[in-house]
Amino acid sequence: QKEVEQDPGPLSVPEGAIVSLNCTYSNSAFQYFMWYRQYSRKGPELLMYTYSSGNKEDGRFTAQVDKSSKYISLFIRDSQPSDSATYLCAMANTGGFKTIFGAGTRLFVKA
Amino acid sequence: DSGVTQTPKHLITATGQRVTLRCSPRSGDLSVYWYQQSLDQGLQFLIQYYNGEERAKGNILERFSAQQFPDLHSELNLSSLELGDSALYFCASSVGQGDTEAFFGQGTRLTVV
């Protein structure tokens with residue numbers, strides 16, 4: 001079993017939809033939870049960063065962490081075609097070392 | 001633009017050869033991380049350097065080595081290359097020793113033929 005599981009998709013939604021992206025993990029030592037966006041042929045770009053449990057909001061993006069269920073989510077409101085990319089969840093233990101990445105979910109937002 | 005510069009962008013080489021990938025971190029960042037991204041393995045952490053010293057090691061093969069120089073740029077050396085080493089190699093940098101807020105370069109696409 002992988003430490004971080006993420007459905008690779010693809011996920012296709014119409015413009016304006018609410019998108020829900022999720023990851024599960026098995027290592028209870030993870031304390032830092034990140035979401036990266038990666039456009040084709042580009043490097044990953046940090047979107048959201050959360051420490052421990054709870055929610056964090058940044059514009060159209062909301063990250064949720066449920067440590068009791070070992071489950072994290074990223075919600076994108078009012079999705080736009082420019083949101084079409086691969087979204088990678090990532091996690092690290094205390095100190096933030098050796099980040100483990102999920103496989104990434106490919107998202108397509110249709111105009 | 002993340003501020004992290006990787007060269008070259010593309011590299012094609014033959015099996016058994018050796019290549020060097022170069023990374024210049026963002027100004028002020030002391031940590032450099034190397035990752036390998038392939039279709040079947042996803043993004044895998046290879047190694048981290050902090051201010052010139054090796055800080056953490058991931059699933060890096062013995063044929064691979066890295067170093068960080070006094071000016072903080074880093075090089076990843078890949079030797080005795082195999083077809084399976086074909087992948088995107090990313091460098092990332094951060095201010096501190098943890099990589100939770102790391103900035104990635106555009107990557108070097110290595111093709112081994």
Side-chain angles (χ1 to χ4, degrees), chain A residues 1-10 21 23-25 27 29-54 56 58 61 63 65 72 74 85-106, chain B residues 1-10 21 23-26 29-50 53-60 87-111:
Chain A
Q1 183 190 5
K2 291 184 177 180
E3 280 190 282
V4 178
E5 298 278 0
Q6 183 177 13
D7 186 339
L21 303 167
C23 288
T24 59
Y25 63 96
N27 188 345
F30 287 143
Q31 295 285 342
Y32 297 86
F33 303 91
M34 289 78 72
W35 285 95
Y36 283 83
R37 177 175 62 195
Q38 185 175 20
Y39 291 112
S40 182
R41 302 180 185 280
K42 300 290 187 183
E45 169 195 10
L46 181 66
L47 275 179
M48 305 281 286
Y49 156 52
T50 308
Y51 174 73
S52 195
S53 284
K56 189 171 186 178
D58 184 1
F61 299 90
V65 175
I72 71 170
L74 178 71
T86 297
Y87 290 81
L88 301 133
C89 64
M91 307 175 192
N93 58 14
T94 303
F97 299 109
K98 295 187 184 180
T99 298
I100 307 295
F101 284 82
T105 299
R106 291 194 67 190
Chain B
D1 184 3
S2 67
V4 179
T5 304
Q6 288 187 248
T7 56
K9 286 189 170 51
H10 303 278
L21 312 183
C23 170
S24 294
R26 290 189 321 156
D29 285 357
L30 297 179
S31 276
V32 169
Y33 314 83
W34 286 98
Y35 290 86
Q36 179 192 59
Q37 187 175 42
S38 60
L39 281 174
D40 57 341
Q41 293 291 326
L43 196 59
Q44 300 281 319
F45 168 72
L46 295 178
I47 196 164
Q48 176 200 358
Y49 280 82
Y50 176 77
E53 301 284 330
E54 183 182 303
R55 184 60 184 87
K57 217 168 191 176
N59 299 321
I60 187 167
L88 265 170
Y89 290 84
F90 285 106
C91 167
S93 72
S94 69
V95 172
Q97 299 189 50
D99 60 350
T100 53
E101 292 185 272
F103 293 82
F104 281 76
Q106 298 296 291
T108 293
R109 182 173 294 278
L110 173 67
T111 303

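On a predicted model such as this, the values are computed, not experimentally measured, just so you know. A note on names: the letters A, B, ... follow the listed sequences, proteins ahead of strands, and every chain is numbered from 1.
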**Asked** Just wondering, are more than 12 heavy atoms of other shown residues or ligands nearer than 6.0 Å to CZ in B:R26?
**Response** yes
**Spacing of B:Q37 atom CD and A:L88 atom CG [to the nearest 0.5 Å]** = 6.5 Å
**Message:** How close do B:F90 and A:K42 get, counting heavy atoms only, and between which atoms?
**Reply:** CZ-O, 3.6 Å
**Request:** Go through A:P44, A:G43, A:A103 and name the one with the most non-hydrogen pairs under 4.5 angstrom from chain B.
**Result:** A:P44
**Part of B:Q6 lying under 4.5 Å from any heavy atom of chain A** = neither
**Message:** Does any backbone or side-chain atom of B:K9 lie under 4.5 Å from a heavy atom of chain A? Answer side chain, backbone, both or neither.
**Reply:** neither
**Message:** Is it the case that over 12 heavy atoms from other parts of the model lie below 6.0 angstrom from the CG atom of B:N59?
**Reply:** no
**Prompt:** Any idea which heavy atoms bring A:T99 and B:F45 closest together, and the distance?
**Reply:** O-CB, 4.1 Å
**Fill in**
So CZ of B:F103 and CG of A:L46: to nearest 0.5 Å the spacing works out to 6.5 Å
**Item:** Per-residue contact mode, A:E45 against chain B (heavy atom under 4.5 angstrom)
**Value:** neither
**Prompt:** Looking at CD of B:Q41 and CZ of A:F101, how far apart are the two atoms once the value is rounded to the nearest 0.5 Å?
**Reply:** 15.0 Å
